[in-house]
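What's counted below: heavy atoms across the whole structure, side chains too, no hydrogens, waters or symmetry copies. Throughout, protein chains are lettered first and strands after them, A, B, ... in sequence-line order, and every chain is numbered starting at 1.
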Number of protein chains: 2
Amino acid sequence: MDGVTHTRTTRLERGRGALGPALELVHTGRAPTRAVLTSELGVTRATAGAVAAELEALGLITVDAHPTAAAGTQGRPSHRLFIADQGPVVLAVQIHADGYRVALVGLGGRIVATTSGCGTIPADPAHILAEAVRAGSGLLRDSGRQCLGAGLAVPSAVAEPDGEALNPLHLAWPAGAPVRALFLQALADAKVPGVTEHVGFSGNDVNLTALAEHRHGAGRGARDLLCVASGHRGVGGALVLDGRLHSGSSGLALEVGHLTVNPEGAPCHCGSRGCLDVEADPLAFLGAAGRTPGPEGSLLKQATDLLREEYADASVRAAGELLIDRLGLGIAGLVNILNPDRIILGGLHRALLEADPERLRAVVADRSLWGRSGGVPILPCTLDHNALVGAAELAWQPVLDDPLVVLESERAG
Amino acid sequence: MDGVTHTRTTRLERGRGALGPALELVHTGRAPTRAVLTSELGVTRATAGAVAAELEALGLITVDAHPTAAAGTQGRPSHRLFIADQGPVVLAVQIHADGYRVALVGLGGRIVATTSGCGTIPADPAHILAEAVRAGSGLLRDSGRQCLGAGLAVPSAVAEPDGEALNPLHLAWPAGAPVRALFLQALADAKVPGVTEHVGFSGNDVNLTALAEHRHGAGRGARDLLCVASGHRGVGGALVLDGRLHSGSSGLALEVGHLTVNPEGAPCHCGSRGCLDVEADPLAFLGAAGRTPGPEGSLLKQATDLLREEYADASVRAAGELLIDRLGLGIAGLVNILNPDRIILGGLHRALLEADPERLRAVVADRSLWGRSGGVPILPCTLDHNALVGAAELAWQPVLDDPLVVLESERAG
DNA sequence: TGACTTTGTATCCGGTATGAACAAAACACG
DNA sequence: CGTGTTTTGTTCATACCGGATACAAAGTCA
């Protein structure tokens with residue numbers, strides 16, 4: 001019953017008019033001036049002007065007073081559109097193996113302030129979430145900005161609709177921890193101003209990386225974007241379709257770690273052997289290079305350092321090429337199924353791509369069915385703290401859907 | 001440049017108002033009365049009434065004069081909405097291994113008239129397309145209906161944006177045949193009345209099966225629908241996301257035939273071994289059952305007949321269970337990647353599901369990562385001629401997006 | 001300086017949906 | 001059997017968003 005109601009209410013919820021699309025264009029950096037806003041929205045100059053004026057009145061963007069003519073252009077120069085300097089922000093929280101990081105993120109994915117806490121990996125998720133939210137609340141107080149929502153990134157699959165972390169592998173958390181609820185509770189306890197209604201979104205960190213890169217990084221402009229990344233253990237995937245994260249009907253899509261990439265490979269806890277998870281993560285790379293993981297630094301750091309600094313070494317190079325081949329096989333399988341128009345790689349996979357871009361592209365083209373036709377562009381991630389920015393995107397989404405919610409938030413806060 | 005323009009024009013094209021969504025609701029059988037139309041659209045009764053009146057004026061739907069009260073309800077009984085009896089149709093053409101089939105398809109996926117030609121499998125696609133279109137043109141003349149467009153289904157991957165058939169495996173067609181252009185040419189040559197502008201859409205038949213089943217069959221109501229089917233040789237897949245077919249950035253998504261389901265399996269022309277394509281199609285089944293394909297009937301028919309009529313036979317049953325296990329492994333892989341909320345099976349796979357539903361569901365649940373949480377519903381396809389109806393859906397789409405196009409078509413025709 | 005090009009604004013207008021009031025068609029119940 | 005209740009459908013005035021047009025502004029180019 002509630003499920004039905006939900007699909008219904010979202011059916012025609014296209015926000016009010018062109019405000020949302022306009023803000024999204026500015027947000028993603030695709031509307032530097034009112035002129036291009038006009039053409040991007042496909043509306044008349046009159047409407048684009050009105051919409052820009054309204055966004056300015058809402059305190060979300062600013063218009064420069066004295067436009068400078070771009071060289072070599074005719075006609076009246078465009079007034080440029082900027083994201084408001086002291087505009088509202090959202091609170092983003094990322095939990096990872098070594099602790100947490102929180103940030104205030106403005107429109108355009110701009111990190112306004114950030115801090116982190118590390119060392120403590122408590123088995124109690126409520127505890128670290130509360131600590132992180134308290135830190136964020138402090139940042140918010142210091143900044144004096146209006147806060148419109150909050151988002152959380154965790155290194156685990158997150159099941160919808162309840163927001164439970166199903167496999168918080170390298171956090172000492174219980175499987176099925178209700179992270180969304182705990183996050184909301186922590187926000188309520190800390191009385192973070194402004195985060196009363198449109199708050200509390202959580203997601204897998206690879207998903208959020210993909211979302212952030214799609215809007216502000218290497219994935220900008222792609223329609224169907226596939227992201228594959230390996231952070232600590234295992235391999236994660238994410239897919240952005242038509243500007244929206246596709247997380248599947250229960251938020252569990254793109255669990256790509258168990259694609260078979262080496263039939264004679266190592267056994268995997270899933271019962272199969274040669275899964276991407278055990279063949280193309282940092283531990284697999286260190287093992288293939290004949291190194292044993294040291295106590296210093298994360299597995300990811302040890303692996304990427306090795307890859308970047310000792311790629312001349314024959315054993316390291318051989319290990320790199322082995323992993324590239326395995327990864328390429330997995331990506332090719334995904335290309336056959338998803339046919340994305342761009343692929344971006346994060347974590348260890350980004351380092352593998354940068355170590356030998358041509359090899360990876362060749363493997364993917366060779367093993368994907370229609371690879372001949374040009375092949376899919378494969379790019380490294382470009383943003384700092386992309387999962388954090390992605391968590392912020394979740395929180396921004398209601399505002400992008402209908403910018404007028406900031407008015408309600410102002411009334412409330 | 002053109003690519004950019006294209007994404008731009010489609011950005012805000014949400015049709016005119018609520019007409020399109022309303023027609024889509026009637027089309028998919030989700031709006032039996034004006035009252036539910038009101039709630040489904042999320043508009044006021046006034047608007048729903050006006051919209052229904054306009055659709056009636058366009059000749060697309062009718063409203064019954066004397067509503068009969070449903071038993072056990074209070075209040076004024078609803079007038080029911082019907083799809084207009086003599087409303088417009090679209091022309092649907094399906095090419096398959098044994099010939100072609102054409103149909104006039106009304107709203108609601110109703111096949112108004114159909115005919116087929118078989119026996120000829122000419123190597124020249126233009127020839128059979130012309131023959132099919134001529135047959136359709138005849139149907140249209142006889143029916144006296146208005147025609148709003150045409151759609152084509154071919155048993156091959158179809159590459160966007162040019163509409164080329166990449167692997168017309170069991171048609172003796174050249175790879176890369178420009179089927180869309182040839183179809184358009186055939187339509188123009190036959191001077192099919194009404195098909196002047198919004199015409200000429202072509203697609204892979206499994207994709208179109210999924211689309212048809214999503215709107216009128218076993219997939220109705222699903223948000224993310226995965227369809228897997230095996231017709232003649234090989235295995236095809238298709239995905240409907242949020243009511244729209246996801247065919248990937250170049251129309252080549254869901255080429256699921258090369259998922260590895262048996263590492264020690266038979267070699268596949270793709271270079272790997274044990275691909276779904278060679279492990280779970282009709283030929284594989286006949287082989288596993290120790291039968292050699294006969295000259296009578298298609299491979300699909302031979303395989304399904306065997307499965308349905310001789311499942312008591314131990315060797316047939318063993319072959320069935322083997323294929324179910326292989327298929328289940330492939331589907332589980334897709335579930336991990338796509339996390340659909342429903343799966344429907346066509347062709348041989350439908351017969352396998354019906355032969356032993358529990359086994360297939362158990363295999364999928366066992367091998368998919370989060371299968372414990374209830375598992376995905378797996379259902380057989382239910383429509384007759386579903387690829388044909390799906391081709392019609394392609395042609396109906398412009399009308400569903402903006403029903404007012406029928407006016408333009410009337411002016412033109 | 002004047003023609004041209006492009007951007008931005010003011011004003012009017014039309015279409016779509018809303019809201020409230022009213023009307024219609026059934027059932028429930030004394 | 002008539003009256004109230006419930007649900008559905010329609011009418012009408014109204015609000016709002018975006019389109020179209022004309023006009024103004026701010027630059028380049030000759």
Side-chain angles (χ1 to χ4, degrees), chain A residues 9 11-23 25 31-58 61-81 401-404 407, chain B residues 9 11-23 25 31-58 61-82 401-405 407:
Chain A
T9 53
R11 178 151 303 281
L12 280 188
E13 235 174 45
R14 54 168 190 269
R16 270 103 127 192
L19 262 192
L23 182 58
L25 286 170
T33 69
R34 270 184 283 213
V36 327
L37 184 62
T38 301
S39 65
E40 288 284 310
L41 285 176
V43 297
T44 60
R45 289 201 299 277
T47 1
V51 163
E54 182 146 13
L55 291 177
E56 195 176 11
L58 289 170
I61 71 170
T62 54
V63 182
D64 65 347
H66 299 292
T68 58
T73 61
Q74 287 196 74
R76 176 176 173 175
S78 278
H79 295 239
R80 280 178 303 170
L81 304 178
D401 287 341
D402 178 9
L404 296 184
L407 291 180
Chain B
T9 52
R11 178 153 302 282
L12 280 187
E13 234 175 48
R14 56 168 188 270
R16 270 104 129 192
L19 262 193
L23 182 58
L25 286 169
T33 69
R34 270 183 283 212
V36 326
L37 184 63
T38 301
S39 65
E40 288 285 310
L41 286 175
V43 298
T44 60
R45 287 201 301 276
T47 358
V51 163
E54 182 147 11
L55 290 178
E56 195 176 10
L58 288 170
I61 71 171
T62 54
V63 183
D64 65 346
H66 299 291
T68 58
T73 61
Q74 285 196 75
R76 175 175 173 176
S78 279
H79 295 237
R80 282 178 302 170
L81 304 179
F82 298 106
D401 287 342
D402 177 11
L404 295 185
V405 298
L407 292 180

A:R45 side-chain N/O to D:dT21 phosphate OP1/OP2 under 4.0 Å: no
Most 5' of A:E54 and B:T33 on DNA chain D, judged by nearest nucleotide: B:T33
Counterpart residues, side-chain contact (heavy atoms from CB on, under 4.5 Å), relative to A:T44 (two or more places apart): A:A46, A:T47
5′-ward residue of the pair B:L404/A:R80 relative to DNA chain C: A:R80
Nearest listed nucleotide, side chain of B:V51, among D:dG19, C:dA17, C:dT7: C:dA17
Qualifying residues under side-chain contact (heavy atoms from CB on, under 4.5 Å), relative to A:T38, sequence neighbours excluded: A:R45, A:A48
Smallest separation among heavy atoms of B:A31 and B:L81, with atom names: O-CD1, 3.8 Å
B:R34 CZ to D:dT11 P, straight-line distance once rounded to whole Å: 11 Å
Distance (rounded to the nearest 0.5 Å) between A:L58 CG and A:L23 CG: 9.0 Å
Touch class at under 4.0 angstrom, heavy-atom based, for B:A46 against every strand present: base
N/O (side chain, B:T44) to phosphate O (OP1/OP2, C:dT18) under 4.0 Å: yes
Contact state string [nucleotides 25-30 of chain D, B base, S sugar-phosphate only, - no protein heavy atom under 4.0 Å]: BBBS--
